[in-house]
Structure formats: C-alpha cells, structure tokens
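Note on naming: letters A, B, ... go to the chains in the order of the sequence lines (proteins, then strands), and numbering restarts at 1 for each one. No hydrogens, no waters, no symmetry mates; every other heavy atom, side chains included, goes into these values.
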Number of protein chains: 2
Amino acid sequence: MPITIADVAAHAGVSKTTVSRVLNGKGELNAATAARVRQVIAELGYVPSAGAVGLARGRTQIVGMLVPSLTWPWIGQVLQGVIDVVEAEGFGLLLFTCDRGEESLRRFAKQVSAKSFDGLLVIEPEGTLDYITELHEAGLPVVLIDDRGHRPLFPSVATTDRSGGESAAQHLLELGRHRPVVITGPESFGCTQERLAGFADTYAANGHPLFPDQIVVGDFTFEQGRAAVTAMLSTGMTFDAVFAQNDLSATGVLLALREAGIRVPEEVAVVGFDDVPLASYSDPALTTVHQPLREMGDAAARMLLAHFKGVPLPNAASVLPTHLVVRDSSLIRTQLQPDPR
Amino acid sequence: MPITIADVAAHAGVSKTTVSRVLNGKGELNAATAARVRQVIAELGYVPSAGAVGLARGRTQIVGMLVPSLTWPWIGQVLQGVIDVVEAEGFGLLLFTCDRGEESLRRFAKQVSAKSFDGLLVIEPEGTLDYITELHEAGLPVVLIDDRGHRPLFPSVATTDRSGGESAAQHLLELGRHRPVVITGPESFGCTQERLAGFADTYAANGHPLFPDQIVVGDFTFEQGRAAVTAMLSTGMTFDAVFAQNDLSATGVLLALREAGIRVPEEVAVVGFDDVPLASYSDPALTTVHQPLREMGDAAARMLLAHFKGVPLPNAASVLPTHLVVRDSSLIRTQLQPDPR
DNA sequence: CTGAAAGCGCTTACAG
DNA sequence: CTGAAAGCGCTTACAG
C-alpha cells in the first residue's frame, strides 16, 4: 500500500538506481529525467522509508540522548536547545532516561548495541560515566553535556562553574558583604566543587577567607536550603549573604529568611545559580548565576552533527560562559519609582 | 566488524532461520539447539540490529511523541510518565517538537511518511489538530494527551478540568468566600472553558453567580497574573478570592497581592491549577488543583502499546481525575504550632 | 525440528 | 547518463 522507490521508478519509467540518485543528488544525471522523476515523486507524495535508508547506508539519521530525568526544570531547557538543531538538520531525537537502576542501564545498552542511533548526547546520570567512556572508546560518537565539572579528554560542552562562583562572590563583595554563607550541591558533583572554589578563592583573595562553618553541604533541594538556613539561625550564627548553588535551594533560603523576619536584601543578600524560570518568580526575584543551558544543548548537538559531516570531535570541553543576573534578592531597590507597598 | 545474525548462526552451526527463531521464541525447536544458540549469543554479546528487524517486520518498535515545547514545566512531567512505560516495554521514544511554524510541521510530516515510528503520542501544538486527525484517519495509531478539553471520537487521555474548577469553587465557598475573581488561560483553549464553567456553575448553584467583571481573560503567564490583579486593585474593585487557572499565573497573583499589602489567605484566598513544583515553593504555598500529568503520560503510552498488541484503541477520552491540594494560600494556619514570624 | 530462499526498501559499486 | 545486481541484517512463508 505505501508507495516505495519501485513505484516511483515504474511511474517515471526509470530504474530504482536513477530514482535513488535524484533523491540523493549523486552522480551526473540528465536534467530532463531528473525533472521527470522529481515530478513523479511530488505527485505520489513519496518519502523514502527511514528504516530502509538506514539499513542500506548503515546510518540512522537519529541522535540518541541520555538524561537522568525529565522532571528537573533545567533539563527541559537543554533538551529544547538540542532538539532545535537536531530537527533543523533533519535528524530525529531518540530519548532515553537512566534512573541509575541496573535495569535501566541494561536497557539502554541494548539500544546502543542495536545501533538505534548514530551518536549520543548525554547529561550524565550518576554513576554511568564509566559506561559512557567505554562506549566512546568503542567508537560511538559521544558528546557529554556536563554539569559536573570538566572532563579532560572527552568531547563535551560545559559551563564556567568556577567563574560563576567568582562572579557571585565579586558581586557580594562589591555590596560590602563580608560574612557570607554557602549552601552547596551534593559534594560529589564536580560543579559543586567548582562553584565553591571560585567563590571561596575570591573571598580569600579579598581578605575574607571562608571558615568551615560558613559552608554547608546541601543537596540542591528546596527543603534543604530552607532547613539549612533555619538551623544556622537557631544557633545564633550571623551572616549577611547566602550563596546557594542552585535556584531551588536559594528559593528555600528566601523562605527561611522571611519566616525568621529577616529582610532580603537589606539584612541578608541571596544569590542562586542556574537562572531557571523560578528565579524570576520568587519574591524577591533572585539574583543568580545564569547557566547557558539552551546554548549548551545547542552546542553539543552541533558538535555531534558536525562530526557526522567529517569534522572531528574536539577531545576537550567546549566551555560556554555563565553570567550574573542581578535581581532584587541582592540589590536594594532605589526608591526612584513609586513602590506600591 | 559488528556481529550479525550470520555470525551467530555460523558459530552455533545452525541456520540464520534457527537463530531468528530462538531470538523470537517462535516455532518448536529442539531444546539442546536452542540452548547452544543462546550460549553463542551470550558469548558474542549479540544484539539484533534494530533497523534490520524493523525493516523486515515492518514495525520499528519506536513510538513518536509530538509536543509543542520542552520548556513548559508540566510537559516534563507528562514526558516522564510516557518514557517510563515506553522504555519498560522495550520501545524507543522519538521526540518531535512543533512550534506552529509551517516548516516544523512539514519536517514532522516527513518523519511520519518515512515511517520512523509505529504510533504517535501527542500533546497538541496549537493549530495542528486537523493534521493529526488526518494522520489518525490515514491509519496511524494516535493517542492525544489532551489539555484542551475532550475530543469526542478520538483516542485520548484527558483530565477532569470541569470538576477541577468545581472543586476549587467548592473549597472557596466552604471558606465563605463569596466574591471571587477568576483569571483564565487563553480563551481558545478547551481547558480554560471547562475550568471556568465548573467554577462559575458551582458558584451560581450556590447562589453567588459570577458577574462579567469577576472574570479576566489571561494567558497563563506570571506577568499577566500579576498585572491583572494590580489592575483590578487600582480600580478599587474588591474580592476575597482569586482562582487562577494555572500555577504560574497564580504565583503572579500572589506577588501582586503582597505588593499591595494584602494578606493571603486572610484577606484574599488564592487557588491555582496544575500543581507543578512551583506551587509548593511559593510563599504562601499554593492551594491548587492537581493534574495527574505523569499518570496521563503513563496512560496514553499504555493505551498505544496495548494497541500494538491487538487491544483496540478506545474511540473516546480516558479521563483521569484532578484533585484539590490544599495549602497555605487558602487555608488560614492554626496557631497550634509555633510560628517563627 | 530445521533450512534455503525470497523479501522488507533502500544504496552502491560495477558495467556499459 | 543509466541500469542490473548484490548487499544492508533481519523475518517469514514454504518445504522437508
């Protein structure tokens, strides 16, 4: 029922080879025959079967993407960047998740072996790096979208976590905040370490080294950010700024401060990290380090697609810069414009 | 280099036919040969090529999914529900977006014609319903995940938008709020109409019919929710409750009320719709109508996969219930627990 | 219980 | 400039 290349060939009175050639623009062909074939293709609404083409060519025109979860807000941003370029190039995007279970990794491995896609984009699910490295070494084109600190010798796109931490510190120092507190992400994440190092080094370089009690290991959740601040306040500890390493925990920090009757930013300034939509909707709106998430997805996809066209994959991270977005949680509003409160 | 069914056959000393049979568990086969073949498969780490299997069987074991965007928070939830079941069944998920541009629809149509997938799940991008219907009628298995009100005669999973609106009204009525304001979503959306109808009818049935000035047509954005409330307050209009038809606009409402110095929930109660994560993080936490997003994705995927196994697609919507989640934006906290403020 | 052969819908040397 | 044939890696009647 569905029409095939054989139908087109028959209708146009040529061989399948010729049809294939006009389809792919390969080889010299008589302008008139080409036009006739194109005509028939249009009339019949013929589209080559992706599966057959893939089998014959040994390439699927599909890029695989492995992510840890689809419910984290920032992943959607990266995905959107990826899919925009993948679709524009006529490729398909096959999506996989791995929730770190044995089972889910096995299922994914099977798809790899089945050659379901030509190359892989990955936001690394925890604990899968060894496997991904293996795939890469076995010859599968892989590009890592890295939120955990840069991997040397691996094609990846990353962001400037360290200088993001620095810019947060710089901003708070300029505001005269000398007694900040940091609420980090999970200790094992590279990004956590980078953001902390950039922040702490900047404070140290400016004569205000951080003491251990100013650093709380967190887990990137709203609840933990809130609880950490509440706990610190209950010990009587004082601070004039909080650098939370993601926006979600920063939002928890804002709530804890309000619950304690502490004014933001007058008494305590708050800076987050990510710049997810939530950061604009919190009250006060959150000053935060913007991660170029969409651009990272975009860059990773371009890198992979370029590789399919012969451009070698760079064996190093391509780094896209973060930048600080200043909002009301750190900057005291001037009263030039009438404030309805 | 990659190993094929021919390699397995050679190593096991049988025909490809036999290998295929043990792979697919079809036909009677000698237990000993089967065991030997299985052994070889394991040793060689053989996995059948997805593309070749697809071509030979005429099915890809891939489900396509079309979505309008990946950056809306609720889409991620639906996607997670979908992918969990799709992966569990050994299928792949091919993702497509359509931003309502001609070009993007054409690209998608090409993938359909190329038979890149066996069936389609769709969260309808605006203005594509005609095309989707066409596909369905042309024989492509399609399941709609519907946030716009139910389509009769179309396989889909929907939620109880109307009774969601009713439960919001019921709740506010029980709190003694007789002068509510509704901020809707885009007028053309079925869900907007349903939610409004449920809400308005319930108020009317309880002796408090809504007047036109109590209904503001919105657009589901934070800014619009905020601006709408600010504008109403500036006209001197009074109200004791706001029903915003999604959580994002409800968050904007909360901000506008705080900016105006109006206490929530004491003076004005606020109810949202969706129950996205943001609803828990706002301050006060938002009372909202929970949509079973993940379950909807789950149900839609199951419906489609069941169809592949011979279960006919129901030509009607499968409806999953919403339920009201009561939080601080509507319920006055009892002071039993010490409030740090 | 098992295999040889044709077929799925393309592409790609190889001839002419 | 064009076509016949083999091949991509499987599955599936059809025989035996």
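- Salt bridge present: E89(A) and K309(A) bring a charged side-chain N and a carboxylate O closer than 4.0 Å.
- N24(B) has its CG atom 9 Å from the C1' atom of dC10(D), to the nearest Å.
- Taken from OG1 in T60(A) to CG in L94(A), the straight-line distance is 8.5 Å, to the nearest 0.5 Å.
- Taking atom CG of L55(B) as the reference point, atom P of dC8(C) lies 9 Å away to the nearest angstrom.
- Atom CD of E43(B) and atom CD1 of I3(B) lie 10.5 Å apart (nearest 0.5 Å).
- Following rounding to the nearest Å, R21(B) (CZ) and dG3(C) (P) show an atom-to-atom distance of 8 Å.
- Both V14(B) and R57(B) sit near DNA chain C, but only V14(B) has its closest nucleotide nearer the 5' end.
- For T17(A), the side-chain atoms get nearest to dA13(C) when compared with the rest of dC1(C), dA13(C), dC10(C).
- The nearest whole Å value for the distance from the CG atom in D7(B) to the C1' atom in dC10(D) is 13 Å.
- Using a 4.0 Å heavy-atom distance criterion, T4(B) is classed as a sugar-phosphate-only contact.
- Checking dT2(C), dA4(D), dC10(D) against every side-chain atom of T33(B), the shortest atom distance belongs to dT2(C).
- Computed from coordinates, the Q61(A) CD to dC10(C) P distance equals 15 Å when rounded to whole Å.
- Between Y46(A) atom OH and dC10(C) atom P the separation is 3 Å, expressed in whole Å.
- For T18(A), a side-chain nitrogen or oxygen approaches OP1 or OP2 of dG3(D) to under 4.0 Å.
- Under 4.0 angstrom from either OP1 or OP2 of dG9(D) there lies no side-chain N or O belonging to S49(B).
- Candidate nucleotides dA4(D), dC8(D), dT11(D) were compared by shortest atom distance to the side chain of S15(A), and dA4(D) ranks first.
- Contact check on R294(B) versus D298(B) returns no salt bridge, with no Lys/Arg side-chain nitrogen under 4.0 Å from an Asp/Glu carboxylate oxygen.
- In terms of position on DNA chain D, the residue among R59(B) and A52(A) whose nearest nucleotide sits closer to the 5' end is A52(A).
- Base pairing annotation: dA4(C) forms no Watson-Crick or G-U wobble pair, as no partner gives both donor-acceptor distances under 3.5 Å.
- OP1 or OP2 of dT12(C) has at least one side-chain nitrogen or oxygen of K26(A) nearer than 4.0 Å.
- Side chains of P68(B) and E126(B) form no contact here, defined as non-hydrogen atoms less than 4.5 Å apart.
- Between R36(A) atom CZ and dC1(D) atom C1' there is a gap of 12 Å when expressed in whole angstrom units.
- When both pairing distances are held under 3.5 Å, dA13(D) makes no Watson-Crick or G-U pair with any nucleotide shown.
- Atom CG of L29(B) is separated from atom P of dT12(D) by 14 Å (rounded to the nearest Å).
- Close to dT11(D), at under 4.0 Å from its OP1 or OP2, lies a side-chain N or O of S20(B).
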